[in-house]
Engineer: 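Structure provided below as structure tokens; questions to follow.
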Amino acid sequence: MEVQVAPLRAWDDFFPGSDRFALPDLKDISKWNNRVVSNLLYYQTNYLMVAAALISIVGFLSPLNMVIGGTVVVLVFLGFVWMSHNKDILRKLKKQYPTTFVVAIMLSSYFLISYLGDVMVFMFGITLPLLLMFVHASLRLRNIQNKLQNKMEGIGLKKTPMGIILDALEQQEDSINKIADYISKVKE
């Protein structure tokens, strides 16, 4: 599977004035989840740029601790994903409560990093970029261009870095999965 990079969205679209941001409806978790997934897919390259800048700054200030912290988070994430594929109860938890699953990964990583190294590197180099992505994706209203691009790029988005991560967390949109399955059957 070839991983493709999604296009970089215009910064005035990514972070315009307050007219394109609103609090999510906390009573409708599925709608909020759909907004977050759509925004993570649509703005994934912008998020990657912001995260890379923050990780680079922290990595420059404390390179060894950043490598240790990043390695721990990746290994814990892979361990949780592997366990969730082998245990039905964890698979259901991951599917129904993705935020809880990510929080469990982050807390496990935090405790391992506090044992191994510098907690501040974890907080500013790893947690801060993830928190900024989640807050932006939660608050940013989807516009028509976002919705159209997600539908048009839906097939290719499974092969982007964010699509792969969301797929591992089983948070891909069902319609995108159905379209991709249909096209793969037609190709055969």
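In this text, all values refer to a predicted model and were calculated from it rather than measured experimentally.
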Engineer: Is atom OH of Tyr110 surrounded by more than 12 heavy atoms (other residues, nucleotides or ligands) closer than 6.0 Å?
Structural biologist: no

Engineer: Any donor-acceptor pair under 3.5 Å linking the side chain of Asn39 with the backbone of His136?
Structural biologist: no

Engineer: Phe14 and Val50: side chain to side chain contact (heavy atoms under 4.5 Å, CB included), yes or no, with the steps?
Structural biologist: CA-CA 11 Å; Phe14 179 66; Val50 170; 4.3 Å; yes

Engineer: Spell out, yes or no, whether Met133 and Leu131 are grouped together once hydrophobic residues are joined by side-chain heavy atoms under 4.5 Å, including indirect joins.
Structural biologist: yes

Engineer: How close do Ala10 and Asn46 get, heavy atom to heavy atom, and via which atoms?
Structural biologist: O-ND2, 4.5 Å

Engineer: Return the minimal non-hydrogen interatomic distance between Trp32 and Ser138, and the atom names on each side.
Structural biologist: NE1-OG, 3.0 Å

Engineer: Within 45° of the six-membered ring axis of Tyr42 and under 6.0 Å from that ring's centre, is NZ or CZ of Arg9 located there?
Structural biologist: yes

Engineer: Of all heavy-atom pairs between Val81 and Ser84, which one has the smallest distance, and what is that distance?
Structural biologist: O-OG, 2.8 Å

Engineer: Under a 4.5 Å side-chain heavy-atom rule over Ile, Leu, Val, Met, Phe, Trp and Tyr, are Ile105 and Leu75 clustered together?
Structural biologist: no

Engineer: What distance do Leu112 atom CG and Thr71 atom OG1 have between them, rounded to the nearest 0.5 Å?
Structural biologist: 12.0 Å

Engineer: How long is the straight-line distance from CZ of Arg35 back to CG of Leu139, given to the nearest 0.5 Å?
Structural biologist: 7.5 Å

Engineer: With rounding to the nearest 0.5 Å, note down the distance linking CZ in Arg140 to OG in Ser38.
Structural biologist: 12.5 Å

Engineer: Got more than 12 heavy atoms from elsewhere within 6.0 Å of CE, Met83?
Structural biologist: yes

Engineer: Any chance you could measure Trp82, atom CH2, to Lys87, atom NZ, to the nearest 0.5 Å?
Structural biologist: 8.0 Å

Engineer: Taking all non-hydrogen atoms of both residues, which atom of Ser108 and which atom of Val76 are closest, and how far apart?
Structural biologist: CB-CG1, 3.9 Å

Engineer: Taking all heavy atoms of Ile55 and all of Pro129, pick out the closest pair and write down the distance.
Structural biologist: CG1-CG, 4.4 Å

Engineer: Going only through I, L, V, M, F, W and Y residues with side-chain contacts under 4.5 Å, is there a path from Ile57 to Leu130?
Structural biologist: no

Engineer: Hey, mind stepping through Leu132 and Leu54 against side chain to side chain contact (heavy atoms under 4.5 Å, CB included) and telling me if it holds?
Structural biologist: CA-CA 11 Å; Leu132 289 175; Leu54 289 171; 3.6 Å; yes

Engineer: To the nearest 0.5 Å, tell me how far Thr127 OG1 sits from Phe134 CZ.
Structural biologist: 14.0 Å

Engineer: Check the hydrophobic clustering (I, L, V, M, F, W, Y; side-chain heavy atoms under 4.5 Å; chains of links allowed) and say if Leu128 and Phe60 are grouped together.
Structural biologist: no

Engineer: Under 4.5 Å between side-chain heavy atoms, hopping through other hydrophobics if needed: is there a path connecting Phe21 to Tyr43?
Structural biologist: yes

